[in-house]
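Side chains are part of it too, since the values below use all heavy atoms of this structure and drop only hydrogens, waters and symmetry mates.
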Amino acid sequence: MASSYLFKYDWTKPVVIEPIVRIKPELGIQVSVNIEGQNQVRAVEAYAGAGMFRGFEIFMRNKPAPDVIMLSSRECGICGEHHQFIERIAQEMAMGGYAPPPLGLETIMLANDAAMMYDHTAHLTALGGPDWSSLFFKIAGYYPPEIYQLAQQTPISKVLEYSEAFPNGAPSELKFSGVTMRTVADIMDGLVPIIGAIWLEGAYAWRIFHEAELLYYLRVPHPITMVPGGIGVPATVENLQQYLQRLVDGTAYLKKQVAYWEVLNLFLTDYGNVFGVQAYYDKYNNLGFAEMGNRPGNYLSYGQSDVAEPPSVTPSSTSVMEYDATYENMGAWGRARVVKPGLVIQTSPNSPPQLVTNSLIDINLGMRQFIESSFYEDWVNNPQVPSEVSGISQDPIGNPVSDYHPWKKWTIPMPLARGYPFGSGNSQNKYSWAVSPRIVPYSGHKPTMNYFFNVEADPQGVMWAQVLQPQAPDPIYSATYSVAGIEIKYNSNEQSVTWNLPQTVSSRIVLPPELQGEIDIKYVSPWALSSKLSNGTINVTTNAVERMRARAHAVALEGSGGWIAWFAAVKYLTQGQTAVSRGNQYDWTYKKNTNTDVALGVGLKEAPRGAQWHSEVIALGSGPTVPAINPQQQQPTTVNAGPRVVNSYQDVIGEIKPFGLLAKNGGAGTFEEVVQGNPGYNINGIPKLTVTPLEQWDGFEFAATIRSFDPCFVCGVHVVLPNGKVRYITLGAPIDLSESIKAFYKFAMRVK
């Protein structure tokens with residue numbers, strides 16, 4: 001195909017890639033690179049700037065709290081139901097523990113788990129998955145075509161010999177949409193948008209998960225049924241039967257989804273240098289895909305899938321309990337979730353990450369937000385902040401609350417010119433509308449150090465929290481949900497988690513015999529995996545393709561949550577427990593639970609993009625007109641996109657500052673760090689993985705790395721170059737739109 005480049009890139013100057021769309025708010029990345037030799041380029045500095053102020057935290061102030069339930073779902077047109085879910089938790093907590101009846105809770109979980117399975121699968125097949133399709137190896141020329149040739153020669157069965165994902169036996173081939181896949185290249189072909197067999201069967205899976213969700217929410221992404229204390233749609237025998245059909249088909253797809261992402265990950269990262277991929281990059285002194293988007297092992301997970309009946313856990317002394325919506329029991333009911341919460345921190349580049357806590361109370365107490373690089377005024381000691389907010393000094397059980405905690409944050413926009421390079425347009429070097437969430441490690445409701453960390457909030461964070469569970473002060477070695485016969489086993493020594501999924505025989509989703517019956521699925525951390533396969537020469541905490549593998553495992557684990565909720569709902573129905581809601585908004589009473597005359601609440605759970613947070617400060621009183629004084633939201637994209645923080649701060653626990661090794665990266669946030677690297681952890685910036693001539697290279701690896709985080713990411717980007725010209729890039733390809741369409745259909749004819 002003839003080149004469509006109109007000019008040469010000048011990579012000696014910072015380049016802005018903006019907007020990276022379909023995230024909220026829209027994101028721009030400014031990148032500076034060093035050219036270190038032929039076919040070797042490294043990012044040395046990156047800035048992530050959110051380009052839009054959305055205003056939810058302001059216009060929801062003083063709205064009736066019941067209205068905020070519905071308004072919160074409007075925060076996103078993709079996963080609004082998850083916003084509404086955690087706003088429900090925050091308000092139930094502000095009411096002193098207004099939890100739904102058992103059947104109501106499990107009905108909400110049926111809808112919630114289906115929503116999670118839908119969003120994750122959509123990302124793996126349509127939003128992030130195509131970055132790893134043959135479109136980018138074979139046609140667009142981003143990655144070396146030699147890798148696709150190796151993929152054609154590499155059987156799936158050979159790759160899965162190095163996988164531990166299927167203890168009961170790994171498949172030797174997979175079938176999607178009637179197409180049998182025997183090689184890695186077949187999987188790459190299957191991920192091509194619209195025409196690929198995996199893409200097509202994935203589209204069926206999204207649809208049925210969406211249908212399952214709609215059985216109870218009635219409308220998505222803005223449900224009209226879920227409120228504090230319950231849900232408006234009963235889990236009847238009829239809709240449970242309809243849900244079951246979709247759950248069987250969907251679970252069958254989730255099993256195959258784990259398999260093909262295991263194959264792609266093991267092949268591309270090639271930790272053991274057995275498939276020829278790493279040997280190719282060795283020629284350029286480049287670690288290859290194992291290095292693309294690697295960062296320190298600091299992760300955050302809030303957990304997912306509450307239960308009306310707690311699991312039996314070992315050791316039995318670990319506190320777990322059914323969801324009761326109270327703050328004082330949040331640590332126990334958080335640990336009872338099917339997907340466990342956890343704060344994971346890596347304090348040394350030579351040692352693996354550690355689980356600091358699995359208590360949501362600890363995680364809540366440790367959260368801080370800073371606006372050092374953001375377009376906001378400081379709220380600390382600011383007379384604009386109402387005294388009932390600024391005066392909060394304790395959580396509902398008496399622990400000190402930081403001035404930088406979201407309960408005390410007051411959103412005060414301060415629009416400024418951003419400038420180019422980022423931050424040069426104003427005297428304060430501010431360059432983003434995203435705040436900077438950072439977390440101080442707490443354990444047992446006390447800080448363990450006076451440092452704060454930037455963390456990664458995504459499915460990789462979820463899976464790191466699972467594999468390290470036994471390390472927490474409240475260890476969990478196994479959790480058994482007897483109602484569904486599902487057991488989850490944790491092993492921090494080998495950094496693994498294993499769980500079972502039921503038999504799934506479907507005429508619509510064809511499974512190989514190895515995956516049809518009840519099977520175990522095992523996830524092993526990238527640190528353990530890379531070390532084992534490389535004989536200890538490589539230690540990776542994550543990278544772009546590992547994030548995709550982690551998402552495939554996370555959604556399979558969340559699938560077990562759907563089965564637990566379904567069996568629990570059947571149990572309660574057969575016992576005659578039919579109530580799904582406790583009352584209506586005239587019964588809702590917000591109760592004082594701190595040192596000022598307000599009601600506090602916080603909702604924390606995993607959304608498809610990662611750890612999602614709503615906090616509430618609500619006036620006291622009953623009924624539908626009680627105002628929400630200070631609604632605050634912290635999205636997973638905010639956690640990841642939060643810009644630089646370099647200063648120290650006076651805090652309720654004393655002076656706090658960036659952890660030493662993180663300070664060496666200029667205080668960068670997570671998105672910034674995965675692009676520019678962190679020398680304190682011996683992690684270099686994203687390398688050039690292509691063999692494209694340098695003057696034609698456009699930094700696709702940056703966009704693909706950011707896209708690996710999130711199902712709300714890039715459909716296309718605009719690249720603003722130092723000479724002021726703008727290029728449109730569709731699907732990330734280095735060609736104009738017309739040439740991209742031609743390339744797409746040319747490819748379609750080849751694989752038809």
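- Annotation: side chain of Glu173 is not in contact with side chain of Met181 (no heavy-atom distance under 4.5 Å).
- Contact of the Tyr204 side chain with the Ile509 side chain is registered, since non-hydrogen atoms from C-beta on lie closer than 4.5 Å.
- Shortest non-hydrogen contact noted between Pro353 and Gly297 is CB-O, 3.5 Å.
- Taking the six-membered ring wherever Trp is involved, the centroid distance between the rings of Phe702 and Phe671 does not fall below 6.0 Å.
- In this structure the side chain of Arg547 reaches within 4.5 angstrom of the side chain of Thr542, judged on heavy atoms.
- Residues in residues 513-526 take part in these salt bridge (Lys or Arg N to Asp or Glu O under 4.0 Å) pairs, two or more places apart or across chains: Glu164-Lys522, Glu494-Lys522.
- Counting heavy atoms from C-beta on, the side chains of Val184 and Leu264 come closer than 4.5 Å.
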Go through it in stages, so that I can follow the logic: the residues are Val675 and Val31, the test is side-chain contact (heavy atoms from CB on, under 4.5 Å), and I'd like the CA-CA distance, side-chain angles, deciding distance and then a yes or no. CA-CA 8 Å; Val675 173; Val31 187; 4.1 Å; yes
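- Atom CZ of Phe137 is separated from atom CD of Gln152 by 12.5 Å, given to the nearest 0.5 angstrom.
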ring-ring contact (aromatic ring centres under 6.0 Å, His included) for Tyr280 and Tyr143? Distances and angles first, verdict last. CA-CA 12 Å; Tyr280 178 87; Tyr143 301 122; over 10 Å; no
Please report the C-alpha distance between Glu262 and Phe267 in whole Å, then the side-chain angles of each, then the deciding distance to 0.1 Å, and finally whether the side-chain contact (heavy atoms from CB on, under 4.5 Å) criterion is met. CA-CA 8 Å; Glu262 278 284 307; Phe267 173 77; over 6 Å; no
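- In terms of the side-chain hydrogen bond (donor to acceptor under 3.5 Å, both in side chains) criterion, Ser560 has no residue partners (sequence neighbours excluded).
- Judged by distance alone, the side chain of Thr121 and the main-chain N or O of Tyr118 form no donor-acceptor pair under 3.5 Å.
- The side-chain heavy atoms of Val540 and Tyr271, taken from C-beta on, include a pair separated by under 4.5 Å.
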Working note: Tyr148 + Asp189, criterion side chain to side chain donor-acceptor pair (under 3.5 Å); need CA distance, chi angles, decisive distance, verdict. CA-CA 10 Å; Tyr148 183 78; Asp189 291 345; 2.9 Å; yes
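- Within the 4.5 Å cutoff, side-chain heavy atoms of Glu546 are placed close to those of Leu529.
- Under the 3.5 Å distance criterion, the side-chain polar atoms of Ser492 are left unmatched by any main-chain donor or acceptor of Gln495.
- Counting only distance, with no hydrogens or angles, the side chain of Asn543 and the backbone of Met292 share no donor-acceptor pair below 3.5 Å.
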Decide yes or no on salt bridge (Lys or Arg N to Asp or Glu O under 4.0 Å) for Lys688 and Glu701, but give the supporting numbers first. CA-CA 7 Å; Lys688 180 177 184 296; Glu701 295 91 336; over 6 Å; no
Verdict with supporting geometry, Gln245 and Asp249, side chain to side chain donor-acceptor pair (under 3.5 Å): CA-CA 7 Å; Gln245 174 192 330; Asp249 282 5; 5.1 Å; no
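- A salt bridge is defined here as a Lys NZ or Arg NE, NH1 or NH2 lying under 4.0 Å from an Asp or Glu carboxylate O, and Glu161 with Lys158 fails to meet this definition.
- Here Gln466 contributes atom CD and Ser301 contributes atom OG; the two are 5.5 Å apart, rounded to the nearest 0.5 Å.
- Although no hydrogens or angles enter the test, the distance criterion places a donor-acceptor pair under 3.5 Å between the side chain of Gln516 and the main chain of Leu511.
- With hydrogens and angles left out, the side-chain atoms of Asp186 and Thr183 include a donor and acceptor closer than 3.5 Å.
- Remark: Thr498 OG1 to Lys489 NZ distance equals 6.0 Å, nearest 0.5 Å.
- Using cut-offs of 30° and 60° for the angle between ring planes, the Trp499 and His553 rings count as perpendicular.
- Considering all non-hydrogen atoms of both residues, Ala48 and Ile29 come closest at CB-CD1, 3.7 Å.
- Between the side chains of Ser496 and Asn491, no donor N or O sits under 3.5 Å from an acceptor N or O.
- Although no hydrogens or angles enter the test, the distance criterion places a donor-acceptor pair under 3.5 Å between the side chain of Asn273 and the main chain of Ala279.
- Using a 3.5 Å distance cut-off with no hydrogens or angles, the side chains of Thr541 and Trp464 do not pair a donor with an acceptor.
- Taking CG of Leu124 as the reference point, atom CG of Leu191 lies at 9.0 Å (rounded to 0.5 Å).
- Judged by distance alone, with hydrogens and angles left aside, the side-chain atoms of Ser133 form a donor-acceptor pair with the main-chain N or O of Leu135 at under 3.5 Å.
- The distance between the ring centers of Phe176 and Tyr260 falls below 6.0 angstrom.
- Listed for the Tyr523 side chain is no donor-acceptor partner under 3.5 Å among the backbone atoms of Leu557.
- The closest donor-acceptor contact from the side chain of Asp270 to the backbone of Val277 lies under 3.5 Å.
- Arg551 places a side-chain N or O within donor-acceptor distance of the main-chain N or O of Pro608, the cut-off being under 3.5 Å.
- What you find for Trp206 and Ala122 is that their closest heavy atoms are NE1-CA, 3.4 Å.
- Scanning all heavy atoms of the two residues, the minimum distance from Phe709 to Pro459 falls at O-CD, 4.3 Å.
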Report the C-alpha separation of Tyr253 and Thr504 in whole Å, then their side-chain angles, then the decisive distance to 0.1 Å, and conclude whether the side-chain contact (heavy atoms from CB on, under 4.5 Å) test is met. CA-CA 9 Å; Tyr253 188 85; Thr504 46; over 6 Å; no
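- Within the model, atoms CZ of Phe289 and CG of Leu268 stand 5.0 Å from one another, a figure rounded to the nearest 0.5 Å.
- At a threshold of 4.5 Å between non-hydrogen side-chain atoms, the residues Ile706 and Val674 count as touching.
- Across Gly517 and Lys255, no two heavy atoms sit closer than the pair O-NZ, 3.0 Å.
- The line from CD1 of Ile538 to OG of Ser531 is 9.5 Å long, rounded to the nearest 0.5 Å.
- Looking only at side-chain heavy atoms (C-beta outward), Ile198 and Thr125 come within less than 4.5 Å of each other.
- Classification of Asp458 and Arg609 as a salt-bridged pair fails, no side-chain N sitting under 4.0 Å from a carboxylate O.
- Proximity of a side-chain donor or acceptor of Ser163 to a complementary backbone N or O of Leu160 within less than 3.5 Å is not detected.
- The stretch residues 190-206 participates, sequence neighbours left out, in these salt bridge (Lys or Arg N to Asp or Glu O under 4.0 Å) pairs: Glu201-Lys256.
- Judged by distance alone, the side chains of Asn665 and Glu673 do bring a donor and an acceptor atom under 3.5 Å apart.
- Side-chain contact of Thr670 with Glu456: a donor-acceptor pair under 3.5 Å is absent, judged by distance alone.
- For the pair Arg42 and Gly685, the tightest heavy-atom approach, listed with the atom from each and the gap, is NH1-O, 3.0 Å.
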Asn34 vs Val41, test: side-chain contact (heavy atoms from CB on, under 4.5 Å). Steps then yes/no. CA-CA 6 Å; Asn34 275 350; Val41 176; over 6 Å; no
